[in-house]
Amino acid sequence: MGARDSLVGAWAVTSGEGLFGLGISSSTSSATSHSLGYATNYIPCSTSFFPKKPPQFNNRRRNPVVKFTCKAKNGETSPGKFDRRDVLLGLGGLYSTSLAANPMALAYPALPDFKHCVDATQPDNIDKTGIGINCCPPPVDRSRIKDFVPCVTTVNTRKPAYLFDVSSDYYKKYTSAIQKMKNLSPSDPRNFRQQANIHCANCDGGYYLVGSPELYDVHYSWLFFPWHRWYLYFFEKICQNLIDDDTFTLPFWNWDAPEGMQIPSIYNSGLTSPLYDCFRNSEHLPPTVIDLEWFYGKKPEDPKIQIENNLSTMYRQMITQSKTPTDFFGKAYRAGDDPPTIGDAGQIELTPHNDVHVWTGISEPPNAIDLGALYSSARDPMFYAHHSNVDRLWTIWVNKLGGSNFTDPDWLFTKFIFYNEEAKPVRVSIKDGLDITKLGYKYEDVPIPWLDDSAKPKPRAKAKTLPSAPDPAQVFPTTLDKPINVIVKRPKKSGIGSSEEILVIEGIEYDKRNYVKFIIYINEDDVNTCRPNNTEFLGSFSNLPHGHQMTAKARKKFRISQVLEELGADRDKVLVTLIPKSNYPVKINGIKIEFEDS
Ligand code: C2O
């Protein structure tokens with residue numbers, strides 16, 4: 001038996017084993033009551049979605065009310081028909097026969113071990129609802145897992161949330177769908193809290209990575225965009241089904257355009273609205289303009305300036321820093337890889353995605369909750385509109401900016417399992433979700449002002465005297481608890497080819513449970529007045545708190561050839577400044593510039 005066989009052996013389907021998710025029905029985890037262990041100032045949500053103890057699941061077959069459904073032709077996958085590779089992966093057939101003949105031809109995609117869902121609660125890590133972080137979804141009879149079959153009758157248009165107010169028909173439908181989800185039995189995987197748990201279990205405890213002591217995580221890697229696309233797809237299907245309207249779509253929170261740069265009013269329409277969530281930052285309610293580079297303690301900008309900054313942040317992240325699929329989607333993540341860190345995330349996931357979470361929710365540990373922390377994010381109905389916009393940016397990157405999807409089979413054939421509108425488990429693969437019209441939706445074609453040249457960050461107009469500063473070797477490793485200036489040497493280009501200069505911040509050590517943010521400037525002598533719409537503002541590093549997993553060591557890269565050219569930088573060296581913007585410890589081991597083929 002080769003290493004890979006044993007690596008994925010945990011996935012082999014053993015007969016008589018009917019379940020892949022053990023849920024939380026075991027006596028060890030379900031009834032444990034935790035005390036908070038720290039004081040909290042927050043008023044608990046008065047909804048029913050914070051039960052005193054986690055719901056108990058049982059394996060009885062449920063009879064969900066299904067108003068309409070695609071009658072799949074090839075939906076049922078018989079457990080006897082798995083090809084070899086899929087049997088190894090515990091997934092059921094989707095691989096081609098040539099791959100089946102030689103299943104070791106490829107590395108394996110990163111996969112969660114669904115057979116062992118664990119309670120992610122740690123003694124020092126209990127959320128303020130007092131119930132701990134236990135997000136195992138209801139168990140599923142794996143013999144009932146179906147392969148996804150596209151079933152498109154219409155292509156519906158997801159629209160920006162700002163178009164709707166509480167008097168609209170849309171609001172009535174949307175709130176009715178969410179209320180119905182919230183009213184479903186807690187043991188129904190379509191229940192709103194269970195849908196949120198699916199997100200939690202795939203990022204913050206729940207599943208271990210097959211063959212690894214590390215927890216599976218769909219964030220900070222090339223899984224981020226496709227996993228969330230599929231997650232929203234099924235969430236939307238469940239909404240459609242519950243209100244018996246297969247034209248219903250989720251809205252998108254269009255935070256990348258001025259019209260959408262505040263919390264959409266439909267999510268802020270009173271404590272009793274099903275779209276309301278109480279764990280949002282009360283200083284950021286409408287009409288406050290969102291800040292896509294926000295950090296705790298930052299003073300609000302004039303709204304006009306804030307909009308300019310946001311558009312430049314979009315330009316920088318979508319255009320200047322997103323040249324390759326890895327830039328945009330994040331790094332490859334396969335079985336046996338080290339757990340992904342923020343340094344591996346795609347540009348958009350880092351900023352603005354993380355920043356929108358932090359700006360909207362509550363991210364300060366130990367109270368990080370709802371949109372402010374990964375494990376609890378999907379408990380806020382606004383999460384789905386936030387991610388709808390993230391998903392829309394994927395379509396823009398491909399359709400308007402000439403970006404391309406990965407062609408690596410380990411990405412294309414990565415599979416996920418979700419619950420469909422019939423509360424049944426469905427297996428999907430990334431390759432089936434690349435064309436959203438085949439999933440039955442598209443995005444309203446709204447203006448994209450950051451595509452315009454006017455949004456491009458500009459070099460500062462003022463005269464500068466760059467301070468002298470030490471060499472990185474004299475400074476690092478160090479804890480980033482005050483501003484750091486270093487003069488970094490530019491490497492001499494050797495040979496031919498289209499290499500680009502990359503600034504690399506190495507060995508960024510932080511605790512994944514903490515909110516971490518620092519900003520990186522290049523050739524700037526006055527960082528206090530330098531804004532995201534200046535070229536000198538290179539970007540930032542922001543960690544959205546996890547509830548689980550501890551130290552991480554990240555390596556973060558920034559493309560700088562174009563930036564240095566626009567700044568008319570010295571050919572030999574540049575000034576790099578790091579400014580910490582959170583109070584949680586971050587250690588940095590080094591900074592350098594290297595060439596990378598693009
Ligand atoms: Cu799964 Cu915005 O996070």
Side-chain angles (χ1 to χ4, degrees), residues 110 112 120 127 133 135 137 161 192-207 215-236 250-256 263-264 267 277 279-281 284 290 292 294 317 328-330 333 339-342 344-363 368-394 414 416-418 428 430 433 512-513 515-517 542-549:
D127 78 9
I133 302 172
C135 44
F192 186 79
R193 180 61 177 236
Q194 291 305 343
Q195 287 289 304
N197 280 350
I198 288 171
H199 182 261
C200 178
N202 282 275
C203 73
D204 223 335
Y207 309 120
L215 290 168
Y216 177 70
D217 192 343
V218 295
H219 300 88
Y220 304 152
S221 78
W222 68 2
L223 302 185
F224 173 76
F225 278 96
W227 188 88
H228 289 82
R229 171 171 287 177
W230 279 112
Y231 178 53
L232 261 61
Y233 169 84
F234 287 107
F235 187 90
E236 189 173 80
L250 292 169
F252 59 91
W253 180 11
N254 190 196
W255 34 251
D256 59 306
I263 290 181
Y267 296 100
D277 186 90
F279 295 121
R280 294 184 189 147
N281 189 325
H284 292 165
I290 195 168
L292 301 182
W294 190 72
Q317 298 301 98
F328 182 78
F329 293 103
Y333 178 39
T341 67
I342 325 170
D344 304 322
Q347 289 297 332
I348 294 302
E349 180 180 4
L350 187 69
T351 303
H353 163 263
N354 277 3
D355 300 75
V356 172
H357 274 272
V358 171
W359 183 86
T360 315
I362 292 162
S363 289
I369 196 163
D370 284 27
L371 275 167
L374 278 172
Y375 76 93
S376 52
S377 281
R379 295 176 189 175
D380 187 333
M382 205 155 63
F383 171 94
Y384 303 88
H386 171 34
H387 270 274
S388 186
N389 202 41
V390 170
D391 185 60
R392 173 179 157 265
L393 295 179
W394 178 2
T414 292
F416 308 121
I417 294 172
F418 293 98
V428 301
I430 290 179
K512 283 193 171 185
R513 294 170 303 168
Y515 163 66
V516 169
K517 173 129 181 163
S542 66
N543 183 52
L544 181 56
H546 271 72
H548 203 283
Q549 292 187 328

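When a ligand or atom number is given, it counts from 1 through the structure's own listing order.
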> What angle sits at atom 2 (Cu) of ligand 1 between NE2 of His387 and NE2 of His353, to 10°?
Replying inline: 100°

> Do any N/O/S atoms of His228 come under 2.8 Å of atom 1 (Cu) of ligand 1?
Replying inline: yes

>> I'd like to know whether the aromatic ring centres of Phe418 and Phe234 sit less than 6.0 Å apart in this structure.
In response: yes

>> Is a donor from one side chain sitting under 3.5 angstrom from an acceptor on the other, for Tyr375 and Asp370?
In response: no

>> Would you say atom 2 (Cu) of ligand 1 has His386 as a near neighbour, meaning an N/O/S atom of that residue under 2.8 Å away?
In response: no

>> Please confirm whether the ring centroid of Phe328 lies under 6.0 Å from the ring centroid of Trp394.
In response: no

>> Which atom name would you report as the N, O or S atom of His199 nearest atom 1 (Cu) of ligand 1?
In response: NE2

> Are side-chain N/O atoms of His357 and Ser363 paired as donor and acceptor at under 3.5 Å?
Replying inline: no

> Is there an N/O/S atom in His219 that lies less than 2.8 Å from atom 1 (Cu) of ligand 1?
Replying inline: yes

> Rounded to the nearest 0.5 Å, how far does NZ of Lys512 lie from OG1 of Thr341?
Replying inline: 7.0 Å

>> With carbon and hydrogen excluded and only N/O/S kept, which atom of His357 is nearest atom 2 (Cu) of ligand 1?
In response: NE2

